[in-house]
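Heads up, the thing below is written out as C-alpha cells.
Sequence lines set the chain letters: A, B, ... in the order given, protein chains first and strands last, and positions in each chain run from 1.
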Number of protein chains: 2
Amino acid sequence: MKMSGGVEWAVHCCVALTGVTEPVPAATLARLNDVSMSYLAKQMQALARAGLVRSVQGKSGGYVLTRPAAEISVLDIVLAIEGREPQFVCTEVRQRGPLAASPEDCLRACAVHRAMLAAEQAWRTSLAGVSVADLVATVDRDSGPDVLSRVRGWLVSPTS
Amino acid sequence: MKMSGGVEWAVHCCVALTGVTEPVPAATLARLNDVSMSYLAKQMQALARAGLVRSVQGKSGGYVLTRPAAEISVLDIVLAIEGREPQFVCTEVRQRGPLAASPEDCLRACAVHRAMLAAEQAWRTSLAGVSVADLVATVDRDSGPDVLSRVRGWLVSPTS
DNA sequence: CAAACTCGGATTGATGTTGTCCGAGTTCAA
DNA sequence: TTGAACTCGGACAACATCAATCCGAGTTTG
C-alpha cells in the first residue's frame, strides 16, 4: 500500500519542465534533484509511454511536455508510473467455501468491494482535481515566482 | 500501490463475526472463506494487536469482536492490516541538488506533498465513513437477512 | 559521413508481501 | 490435580515487486 518513490520524482520533473520549450535530458533532471540518473530515466520513459511527455533523441534531445500544464493532472502522472490497475482486487470470497453464493446472486459487486471502490474513486477524484499548473501556482505563491524561474534557467544551461 | 490481499479477508471476517458471541477459531474462518488457515491467522493477529478483536485461547477459544459493529470502520481494519504509515513519503527533493532551497523556506509541506496528503485524506475519510454495521446492512439488503444468519450459524457449529 | 549524444529496453540486487511452520499458553474434562 | 487437546503467537522460507544499473539502437549535428 506504499506509493512508488518514483512518482514524487516524476511530478517534480513535470513541474520543472513547465515553461521550458527546449528538450531537457534525463541526466539534467537527475542532477537537478540529485537522484539516480538511470532510475529517473525509467520514470521518464513511463511518462513518455503514457503520452505525457515527448522524447526527442539525438545530440540536443531530451523530454518535453506534450500538453499545457493545466491539462496534466497529478492523477495522470500517478497512473503513468504506478499503472492503471485498481489498488483493491476483489477475489469473490463469497463464492468460495461451504456456504458459497451462487454466481447469479453475485451480479453486483459485493459490499466490501463497493466500499473500496468508492474510497479509491475519492482518491482519484482528489488527484484529478490538481493539475501541474496548479502546483506551479502554489509554488509561486509559497516561495515566490523567481524560484521556478531559476530552475527553468538552470535546466536550459546547467552549471556544475 | 496495491492493497494487501489480506485486507479483503479481514473485512469479510469482521462482517461474519457480527452477532456471534462465542469465540470463533481462525481455522473455522479460514474454512468458511476457503483460504489459507495459517495466513488468515496472521491477519487476525494483526486485528488483535490493533484492538479490533479479542483473542481467547484454550480449547474453545478463538476471536471475538471487541466493539459493536457500528463502531468499527473499514478504515480501522485497513490500517490494522496495512499499517499506519502514509502511502506517500516526501523525500524533500526541493532541498537537494544545486538549487536546493534553504531549510527555513521549507517549514510548510511542499505543493506535491500537500496534493498527495489531500488525496490520501479523501481516501481515508471515505473508508472511515463505512462501518462494519453498514456492510452488514448492505449485505442484508442485497441478498436477504438469511444469508448472514446462515453464516453465523455455521460459524458456531461448522459442518464439514 | 562520422562522431557524439540521446533515449529505450533487458539485467541484477534489495525490499516487502505471501504463505508456512512449530512452540508457548490456556482451557476443559477426567 | 493432572493431563491432554486445542488455541493463539511469533519466528521461518518462497515469491513477487520495487529500486537501481548497464549497454545497445537511433538520431541529430557539425
### Summary
In whole angstroms, the gap separating C1' of D:dT27 from CZ of A:R54 amounts to 13 Å
### Query
Please give, in whole Å, the distance from C:dT17 C1' to B:E8 CD?
16 Å
### Task
Under 4.0 Å between any heavy atoms, over every strand shown, what does B:G6 touch: base, sugar-phosphate, or nothing? Just pick one.
nothing
### Query
Is a side-chain donor-acceptor pair under 3.5 Å present for A:D76 with A:S73?
yes
### Message
Holding to side-chain hydrogen bond (donor to acceptor under 3.5 Å, both in side chains), I want the full list of residues that pass it with B:E92, two or more places apart in sequence or in another chain.
### Response
B:R94, B:Q95
### Query
Near B:R150 CZ, under 6.0 Å, is it more than 12 heavy atoms from other residues, nucleotides or ligands?
no
### Message
Rounding to an integer number of Å, can you tell me how far A:E82 CD sits from D:dC18 C1'?
### Response
10 Å
### Message
Without decimals, in angstroms, what is the distance between A:I81 CD1 and D:dA19 C1'?
### Response
13 Å
### Query
For every nucleotide of nucleotides 3-12 of chain C, 5' to 3': is a protein heavy atom under 4.0 Å from its base (B), only from its sugar-phosphate (S), or from neither (-)?
--BSBBBB--
### Query
Does OP1 or OP2 of C:dT18 have a side-chain N or O of B:S36 closer than 4.0 Å?
no
### Query
Any side-chain heavy-atom pair from B:I77 and B:E82 closer than 4.5 angstrom?
no
### Task
Report yes or no: do A:W123 and B:Q121 form a side-chain donor-acceptor pair below 3.5 Å?
no
### Task
Using whole Å, report how far CG of B:D34 lies from P of C:dG19.
13 Å
### Task
Sort and list the pairs that fulfil ring-ring contact (aromatic ring centres under 6.0 Å, His included) and have at least one residue in residues 41-65 of chain A, not counting sequence neighbours.
none
### Task
Could you state the atom-to-atom distance from CE of A:M3 to P of C:dG16 in whole Å?
17 Å
#### Entry: Whole-Å gap separating C1' (C:dT15) and CD (B:E85)
14 Å
### Query
Over how many whole Å does the gap from A:Y39 atom OH to C:dA14 atom C1' extend?
12 Å
